[in-house]
Amino acid sequence: MMSASPRLKTKLKQLLDLPSDFRFAFERSRHFAKLPENTLPDIQQSLTDFGIAVTHIENLGFEGTAALLAELRTLTPAIHELDPTETHGLTLPPYAAIMDPVTLARNHPQVPLWGLQAPLLDLMENYIGLPPICMGASLRRDLVSPDSSGTRRWHIDPNDRRYPKIILYINDVCQDSGPFQYIPRSFEKELAAFRGRKSVSQQEMAAQVAPEHWRSVCGKAGTVIFIDTANLFHRGAVPLKERYSLFFSYASKRPKRPELCNNAYQHDSMLELDQLPLTERQRRAMFF
């Protein structure tokens, strides 16, 4: 018996998702009148129009930025020593190493708390359309390696219908430092065949969208990328120099794939933060 084509499988999955998608749209419409004021409207507009916004952390004017940057400066030597064989129970590519999220939350709470600030929760609630959940902080070291597997392949994250992330460059990132790359939305027609795929190789992408149209985000330490990884094909380029970065991920309270958003380590790290004096809204944003 012949198996269904990838395109047919994608269509069938879309049909199966229809009831859930209708419920999500209905809940967003009900919540519209309750959306908070957004103090970052330009970033939201860029996310809506292009799926990405890029700025520098100092331009955001957040109260907790000074504490975050001071903590990251003290952590830089430890980031440089992160061991890719210590995965903390996570599925990581062999070229990536992260700091244990529980240890990070316990000993350096200023880092994950930065992603729970009111202006960011306001932004995410307005962009997602529903109260968001912040799934902790991931402090990451990307090693020099020719390996182009994992997140170095082009992909879209299936976790939710809108799945915004914040990526903060901790060191200067240029073209040879493995910058974050994405395909502009103007090429959606060319990328239609890749929808539903787990990942796409560099050669396959080049056949559909010429490499001169791929966009790389290069910038000084402190560059901040807001990206909807569920609606924009993206990857980390293969680096010739190490890249250090901090990731925050956000989803709705009713994510499309809750099993992908409900990792135990995130809850364990959030339990560490739960011991701190937080607002009720921050607590609601930490747990499904």
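Nothing here was measured: the structure is a model prediction, and the numbers come from that model. Each residue takes its place number in the sequence, starting with 1.
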Can any side-chain N or O of Trp114 pair as donor or acceptor with the backbone N or O of Ala67 at less than 3.5 Å?
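Side chain of Trp114 to backbone of Ala67, a donor-acceptor pair under 3.5 Å: no, none is there.
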
Would you check if the side chain of Asn126 reaches a backbone N or O of Glu37 as a donor-acceptor pair within less than 3.5 Å?
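Side chain of Asn126 to backbone of Glu37, a donor-acceptor pair under 3.5 Å: no, none is there.
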
According to salt bridge (Lys or Arg N to Asp or Glu O under 4.0 Å), does anything in residues 49-70 pair up with another residue at least two apart or in another chain? List the pairs.
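Of all non-adjacent pairs touching residues 49-70, none passes salt bridge (Lys or Arg N to Asp or Glu O under 4.0 Å).
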
How far apart are the C-alpha atoms of Lys253 and Glu27, what are their side-chain angles, what is the distance that settles it, and do they pass the salt bridge (Lys or Arg N to Asp or Glu O under 4.0 Å) test?
CA-CA 11 Å; Lys253 285 284 188 176; Glu27 290 181 356; over 6 Å; no

[X]: what forms a side chain to side chain contact (heavy atoms under 4.5 Å, CB included) with it, not counting sequence neighbours?
X      : answer
Lys220 : Asp172
Gln175 : Pro179, Gln181, Ser216, Cys218
Asn59  : Thr55, His56

Test log, rule salt bridge (Lys or Arg N to Asp or Glu O under 4.0 Å), inputs Asp147 and Arg152
CA-CA 8 Å; Asp147 190 337; Arg152 291 179 182 174; 5.9 Å; no

What is the ring orientation for His80 with Tyr244, classed by angle as parallel under 30°, tilted 30 to 60°, or perpendicular over 60°?
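Taking Tyr244 first and then His80, their aromatic rings stand perpendicular (interplane angle over 60°).
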
Non-hydrogen atoms of [X] and [Y] that approach each other most closely:
X      : Y      : value
Leu143 : Pro84  : CD2-CG, 4.1 Å
Ser252 : Ile128 : CB-CG2, 3.7 Å
Val111 : Leu68  : CA-CD1, 3.7 Å
Ile170 : Ser245 : CD1-C, 3.8 Å

Hey, could you give me the CD/CG distance between Glu188 and Leu232, rounded to the nearest 0.5 Å?
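CG of Leu232 is found 8.5 Å from CD of Glu188.
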
Quick test of your reading: applying ring-ring contact (aromatic ring centres under 6.0 Å, His included), list the pairs with at least one residue in residues 167-194, sequence neighbours left out, ordered by first then second residue.
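For residues 167-194: Phe180-His234, Phe187-His213.
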
Show every side chain to side chain donor-acceptor pair (under 3.5 Å) that has at least one partner inside residues 67-77, sequence neighbours left out.
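Sorted pair list: Glu71-His108.
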
With Arg162, which of Leu47, Leu130, Asp228, Thr229 fulfils side-chain contact (heavy atoms from CB on, under 4.5 Å)?
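When Leu47, Leu130, Asp228, Thr229 are each tested with Arg162, the side-chain contact (heavy atoms from CB on, under 4.5 Å) holds only for Asp228.
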
